Number of protein chains: 2
Amino acid sequence: MNKSAIRATAPHDHTHCQSEALSRAESLCEERGVRLTPIRRKVLELIWNSHRPVGAYAILDHLREGDRGAAPPTVYRALDFLLENGLIHKLESLNAFIGCDHPEDRHVSQFLICTKCGAAVEIQDPAIANAVKKSAGSAGFTVGRLTIELQGLCPNCSKA
Amino acid sequence: MNKSAIRATAPHDHTHCQSEALSRAESLCEERGVRLTPIRRKVLELIWNSHRPVGAYAILDHLREGDRGAAPPTVYRALDFLLENGLIHKLESLNAFIGCDHPEDRHVSQFLICTKCGAAVEIQDPAIANAVKKSAGSAGFTVGRLTIELQGLCPNCSKA
DNA sequence: ACTTAGTTGAGATATTTTAACAAGGGGACC
DNA sequence: GGTCCCCTTGTTAAAATATCTCAACTAAGT
């Protein structure tokens, strides 16, 4: 079984996931010369609170709990920044966002979403991407963005 | 090149697509003992006005042009019915709906969406579905709903 | 200090979707 | 034909998601 699937769907020291994601984001932003401002950092941190995708307004609520009064554009702007820099992904079938654990390289990924516990796992199977590209090619389509999301039950939840 | 890709992205006698879709829907609903009421039929007809996915409010606007005063729930209920019966599909990455040209059998499909002309083509490549299923399986996931959407350029638009 | 580009604040508004409840309409059964 | 019930629709409201606009601020370079 896939390593990130285990991490995401089984109990684990999640603080570690979160702090590692944050420090990677920091060095990556520095490298690229873009600014991981306090708001952006906070939003990323909130997204990394779990392996479950979060909606923009859930993030907004958490932001408001703290000191800052925030409005929707604040969150969406932070999300845009994080998306552009590959630090998070958007799950179209849920209108929700999830952290990316290898933002360093641009990549095409797929998502496995557990409808029971809500966890989502990012996988990267070249076979999937290739199958889609091949099929698109034979239909004469030029490939741009790819959205591949599966909803089902994670290993843990399908046991129960 | 795939036949429905040609039909959807090149000029053609679209009235034919539309009327065939409607008559298929009628016989299918009769077969299943469900009611293709005037509203539902009208919504399906509007969706089949083109091969471009339509948003719920675009449909609503068209409905209102006619005699009926309609409210959002009217449209969404019709859409639910059509979705349940496989007569249309929802494109999650666009929040829009498109007609299905072979609603008779339950199927897993993928969509190729042209970001330039807006056309969308439904394809069914078992290789894609299988690749996803295989990958999900090896991550321990049970397969439920599958969302696969590609955005790119259709044959026509990539020529230009 | 000055300028500029990028970022945030604030309020409003647009878009998409659902909830809740009343009312209508068509068939099955008596 | 009447009556009951289920499915469908009307209507109002509101929840959930996302964007626009314009002003104020901040950081970084000159």
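All figures in this text were calculated on a predicted structure; none of them were measured in a lab. Order of the sequence lines fixes the chain letters, A, B, ..., with proteins taken first and strands second; residue numbering starts at 1 for each chain.
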Side chains of A:L22 and A:E45, heavy atoms from C-beta outward: is any pair under 4.5 Å?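 Of all side-chain heavy-atom pairs linking A:E45 with A:L22, at least one is under 4.5 Å.
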
Indicate yes or no: at least one non-hydrogen side-chain atom of B:I88 is less than 4.5 angstrom from one of B:I98.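 A side-chain contact under 4.5 Å is absent here.
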
Hey, does the side chain of B:N156 reach the backbone of B:T9 with a donor-acceptor pair shorter than 3.5 angstrom?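 Flag set: sc B:N156 to bb B:T9 pair under 3.5 Å.
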
Charged N-O contact under 4.0 Å between B:E104 and B:R24: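 Yes, B:E104 and B:R24 are salt-bridged.
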
Run the salt-bridge test on B:E26 and B:R41 with the 4.0 Å N-O cut-off and return the result as yes or no.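 Salt bridge present between B:E26 and B:R41.
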
Take the C1' atoms of the five end pairs on each side of the helix from C:dA1-D:dT30 to C:dC30-D:dG1, get both axes, and report the angle to 10 degrees.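 Helix axis angle between the two ends: 20°.
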
For the residue pair A:H12 and A:H51, does the interplanar ring angle fall in the parallel (under 30°), tilted (30 to 60°) or perpendicular (over 60°) class?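 Taking A:H51 first and then A:H12, their aromatic rings sit tilted (interplane angle of 30° to 60°).
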
Identify each atom pair where a protein N or O and an N or O of nucleotides 5-7 of chain C are less than 3.5 Å apart, giving names and distance.
unit_1	atom_1	unit_2	atom_2	d
C:dT7	OP1	A:R40	NH1	3.0
C:dT7	OP1	A:R40	NH2	3.3
C:dT7	O5'	A:R40	NH2	3.2

Polar atom pairs (N or O), protein with nucleotides 9-13 of chain C, under 3.5 Å:
unit_1	atom_1	unit_2	atom_2	d
C:dG9	N7	A:R77	NH2	2.8
C:dG9	O6	A:R77	NH1	3.2

Just by distance, no angles: are the side chains of B:Q110 and A:S135 close enough, under 3.5 Å, to form a donor-acceptor pair?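 No pair is found: no donor N or O on one side chain lies under 3.5 Å from an acceptor on the other.
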
Under 3.5 Å, is there a donor-acceptor pair between the A:N49 and A:Q18 side chains?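 Looking only at side-chain atoms, A:Q18 and A:N49 do form a donor-acceptor pair, the distance falling under 3.5 Å.
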
Kindly indicate, with the supporting measurements, whether the criterion side chain to side chain contact (heavy atoms under 4.5 Å, CB included) is fulfilled by B:E92 and A:T147. CA-CA 9 Å; B:E92 298 289 349; A:T147 304; over 6 Å; no

